[in-house]
Every structure is written in structure tokens, then in C-alpha cells.
Amino acid sequence: MFALPGWALPAVAPSCGCVQDFDFVVSYLERNLPAYPRDVTAQTRPAYERLKRRLRQGASLQSTPTRCLPILVAYVEFFRDQHTTIAGSAGVAVNDKDSLAVRRFLASAVYQQTETVRLQPVRSYPLAAIEGRYQTTDSTYQIQIQPARTRFRDFVGVVVQSRTPLWAVGQVKLELKQLPHGSRYRIIQYNRNHSASYLGEIRQVQGYLRGTSWQKLGVPAAPPRITDTLAYRALTPATAYLRIPSFNGGLHAQLYSVYQKVAAASPQNLIIDVRGNGGGSDGNVAGLVPFMFTAPFQDDQLEEYYVTPDNVQRLAEHYRGMQRDSVSYGAAALQHVRSTLRWLQQAPIGQFLADPTALLKTFTGVAARPNRVVILYDRGCASSCETLLFWAKHSAKTTLVGENSGGYVGYGNVFSVPTPCLGFVLTSTTMRLPNQVSYEAVGVAPDVPLGLDEDWLTQAKRLIEQP
């Protein structure tokens, strides 16, 4: 939305701005969100209505996308539905090696509207405190996180040093809203081109903002990232290690090729590492089932569509897109969506209905080995990755270790719509999984929580090889 000559903001009529986008988001989610009937009850409605009034008043005072986003985030995050989000435009990349491009950017409204605050005097804070000096792992930015309370935030990250001319000392790089859970914060980050991104709920752990590139000055360099490469190897003569960074549908052939190697090797013990695995396709999870189980079982996952005109329309739009790219999706996927759409179009409005064409999965293939399985996961394990954890709960020889998963399990079938004025994208779910809703935003707890004082893989290996 910023791809305009001279980086000028689009001409927006007075009747179309933040408050109109706020009204659109409220109306859309109240009509269509599966979480709405659960989260807005007789008990919670007074607080919900107060929140709406407060946020709408704030929206009426804002005219730019970056200042509007925190307000929309605060509303959307009222709902315990991890898949439902609001995002702004990514803006236009700026080549900071091009002096002309830099000058144009510095003269633009996007840059000029960036908030600037006074840096507070440097103080010494405990490692566990959110306040203090931080830098990105590549040292591009150094910021100071300091209190700056408004209706929508508790702290800001203010630029202290910048290696790019696109940012100046005193400009606000992060906005943080503290959550009731101690060290957890809702964070909005302003990117290199000053567009806004919602990072989600982030924890500060031992000086690191987990899941981001920010770490406190003086703490050891962040440990190497867990590999993003699918891998299978021996750790010890008794234990094999399977690293799965994603269950993306496009990885089906690669994943099943590795699963065949695991079956051929028949390790005594198997560690399945799914840290940071954001999910993908349950079909790619199913190939792990034989390694985990000592008896057949039936998947008890239930899916109920929330039937509304908008939700049916989103699925119809998706189906038309599938038809335009039928080779990539395949005939089976097209047939499944077509049959689902057919009965939804005839279904009564305003109800949760199970797909009458869906069949419960029954898993019967069981491998004699491995004798022990450990699934190693963290908060980054989400969606289909969490399906693996639910299935593992049926297993007598599988142990879940790590920390609570992401909690993207109670709602699904996600589609997006644009807001009418400032170009935000509202992504919302259309289905609930009733027997998993209680895990939404909470996640699946491990059988054995792991401490942060030692490498997790080392702890997992010791656990699986103990007598």
C-alpha cells in the first residue's frame, strides 16, 4: 500500500480509516468466528463490550496503519483462537545502499510518522526484567526497552544505535504489552521499512525474547538455531534422532522417504525432534504412527464447521482457486472440498455441523521397534505438529518432553479477508475441534518438562536411555 510515487500515503477519505476498519473486524468476527460463542458469554460480555468501546475510541483518534494495528491486535487477541490474526501491509523494501532511495524514504510520511521518545537514563536491571539494552543477533540494531504505558502498551523498545540509515536514535522499534502470565508480552515490531508486524505472544527468558532476534547486551550469543533441515542419524548405538522441521504438504515425498529409512533401521530408541515445527498436513504426521504404538487406535479428532454465509463464501472462493491450480492440489483434494462445499451450501445457517462425509481414521500398522520413543517439542510446535502430540497420548511407549506446545488446536480451516480502508488482512478460522478447544492457546503439556540450564537434546537422550 506504500508503493506510490514519493512514498506518499494513499489519499484516504475522512469516512474511511482506522475506526471503519475496526468496525469491519468487529462485525466480521462477531458473525463468523467459531470462538465467539465460547469467548463472549453472559459472564464475559460486560468486559468484552467495555473493551470494544475503549478500542473504538482509540481507533477514532488514529489515521495511519502503524498506529491502528495495535488497536486491532488488542481486539483480535481477546479471542482464544491462535489461528485468527490481523496483519498489516509489508510495505515496500528500501535499498539503504541507494542514497536517493534513502533520501526519499526519510522525507516520506511513513518515516515522518514514526514515533520518537526520549531515552531514559541507563540503569542496571536483573536479567529476568524486560527493561534493559537489547540488540539483534546480527547487531544491526541496539534498543533500550523502557516503560511507556498507554492504553495499548506497557513498554517500548527505543533505538539506541542503528547500522541502517533508515532508523534514527529515539525512534520506537518495538511496542510491548505485558500479559498476566509474568514474562509474556504481546509485541509489535516496526520493520526495516517501518511497516508494522505483530510478533504474537513472546516470552523473555534469560535475556532472550524467545522466537525473535533480540537478546540483552552481555548475555552469551544465542545458541545455534535448531536445524531447519529434515535429518535422520544415529546419536548412540541405541538411540536414533529424527529431526522434522515441518509437516508441510509439499514435503510428503521427502518425509515418507525418511520414514522408510527409520523403518529399515529399526532403532532401539527414537527421539523425534519437532521443535519449531509449525505444522502442515496431518497426512504427513500419520507416517510416524507405526513407530509410536503397541496397539491399533482410532483418531478421536472431531471437526465442526461454523456455518455462516461468509464462511461458506470463503470456502467457495478457495475452491475456485484450487480449480485454477488443479494439478498442484490433485483430484482427491478437489473432490473433498467440492463435497464439503456442496453440503455446507445446503446446511442451516448459524450452527456448528460435522462434515457427514468425513471418516474417522483408524490406525492399524504397528512396528515392533523402537522400544522407546521421545517426542521433543517446544512452543513452536503448532497445528498439525500438535496432532502428533495428541496421537502420541495413545501410546504406552512414547514420552512427550519439552514445554507446552503452541496451542493452535481448537480451531482451524483458515481463510483471509481484507479490511476496507487501510489494507489490513484479517485471517480467521471457520471450524472448531470441540474435543481440543480446552487446549487452545494453552498447548499440550509435556510428560517431562525440560529445564533451560542444559541442552534439551542432551536431556532427551539421557531420559530415553535411562534403565
Side-chain angles (χ1 to χ4, degrees), residues 33-35 73 76-77 79-87 179 181 184-187 197-203 205 208-212 225-230 242-252 255 272-289 292 299 301-303 374-393 398 400-416 425-447 449-450 456 460:
L33 188 66
V73 165
V76 171
E77 289 301 311
F79 300 102
R80 294 174 63 81
D81 179 346
Q82 299 283 76
H83 280 105
T84 293
T85 61
I86 188 80
L179 298 173
H181 317 292
R184 293 172 63 189
Y185 301 84
R186 188 178 295 149
I187 298 182
S197 295
Y198 174 49
L199 302 186
E201 294 184 7
I202 302 295
R203 288 187 298 161
V205 179
Y208 301 96
L209 296 184
R210 289 279 298 272
T212 78
R225 284 171 50 90
I226 308 165
T227 177
D228 289 331
T229 305
L230 178 65
L242 174 59
R243 167 63 182 155
I244 307 176
S246 173
F247 290 117
N248 186 285
L251 299 175
H252 182 83
L255 286 166
I272 303 173
D273 184 350
V274 288
R275 288 175 289 176
N277 185 320
S281 165
D282 284 2
N284 284 340
V285 180
L288 294 170
V289 171
M292 296 189 293
D299 178 23
Q301 185 183 73
L302 301 176
E303 298 177 347
V374 157
I375 299 178
L376 178 61
Y377 67 97
D378 60 8
R379 291 289 294 183
C381 173
S383 197
S384 290
C385 181
E386 293 172 287
T387 297
L388 172 67
L389 308 182
F390 284 115
W391 287 348
K393 286 179 173 291
T398 301
L400 305 180
V401 305
E403 64 183 1
N404 278 40
S405 60
Y408 290 74
V409 293
Y411 305 96
N413 209 39
V414 179
F415 298 108
S416 299
V425 176
L426 174 65
T427 300
S428 65
T429 55
T430 59
M431 171 200 294
R432 74 178 179 189
L433 293 83
N435 58 343
Q436 295 178 186
V437 166
S438 61
Y439 294 91
E440 184 71 14
V442 177
V444 179
D447 300 315
L450 296 184
W456 279 17

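Just so it is clear, the values below take in all heavy atoms, side chains as well, and ignore hydrogens, waters and symmetry mates.
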Check the pair S384, N284 against side chain to side chain contact (heavy atoms under 4.5 Å, CB included), reporting the backbone distance first and the verdict last.
CA-CA 9 Å; S384 290; N284 284 340; over 6 Å; no

Can L33 and F79 be said to form a side chain to side chain contact (heavy atoms under 4.5 Å, CB included), step by step?
CA-CA 9 Å; L33 188 66; F79 300 102; 3.6 Å; yes

How close do [X] and [Y] get, counting heavy atoms only, and between which atoms?
X: V425; Y: S416; result: CG1-CB, 3.7 Å
X: R210; Y: I202; result: O-CG2, 3.2 Å
X: P449; Y: D447; result: CD-O, 3.9 Å
X: G278; Y: S383; result: O-CB, 3.8 Å
X: C381; Y: S405; result: O-CB, 3.5 Å
X: P446; Y: G402; result: CG-O, 3.6 Å

Rounded to the nearest 0.5 Å, what's the gap from [atom1] on [X] to [atom2] on [Y]? Could you check?
X: I187; Y: L209; atom1: CD1; atom2: CG; answer: 5.0 Å
X: I375; Y: D273; atom1: CD1; atom2: CG; answer: 11.0 Å
X: E386; Y: L433; atom1: CD; atom2: CG; answer: 11.0 Å
X: D378; Y: W456; atom1: CG; atom2: CH2; answer: 5.5 Å
X: T398; Y: L388; atom1: OG1; atom2: CG; answer: 8.5 Å
X: L376; Y: I244; atom1: CG; atom2: CD1; answer: 11.5 Å

When H83 is tested against each of F415, Y411, Y408 for ring-ring contact (aromatic ring centres under 6.0 Å, His included), which residue passes?
Y408

Between E440 and R80, does any side-chain N to carboxylate O distance fall below 4.0 Å?
no

If the condition is salt bridge (Lys or Arg N to Asp or Glu O under 4.0 Å), which residues does R379 pass it with, not counting sequence neighbours?
none

Does R243 use its side chain to pair, donor to acceptor, with the backbone of R275 at less than 3.5 Å?
yes

Side chain of D228, backbone of P245: donor and acceptor closer than 3.5 Å?
no

Qualifying residue for side chain to side chain contact (heavy atoms under 4.5 Å, CB included) with D81, from T429, V437, V76, V414
T429

Kindly determine whether Y198 and I86 satisfy side chain to side chain contact (heavy atoms under 4.5 Å, CB included), including the steps that lead there.
CA-CA 8 Å; Y198 174 49; I86 188 80; 5.8 Å; no

Close side-chain approach of [X] and [Y], heavy atoms under 4.5 Å:
X: V444; Y: L400; answer: yes
X: V409; Y: F390; answer: yes
X: N413; Y: E303; answer: no
X: N277; Y: F247; answer: yes

Within a reach of under 6.0 Å around OH of Y439, are more than 12 heavy atoms found that belong to other residues, nucleotides or ligands?
no

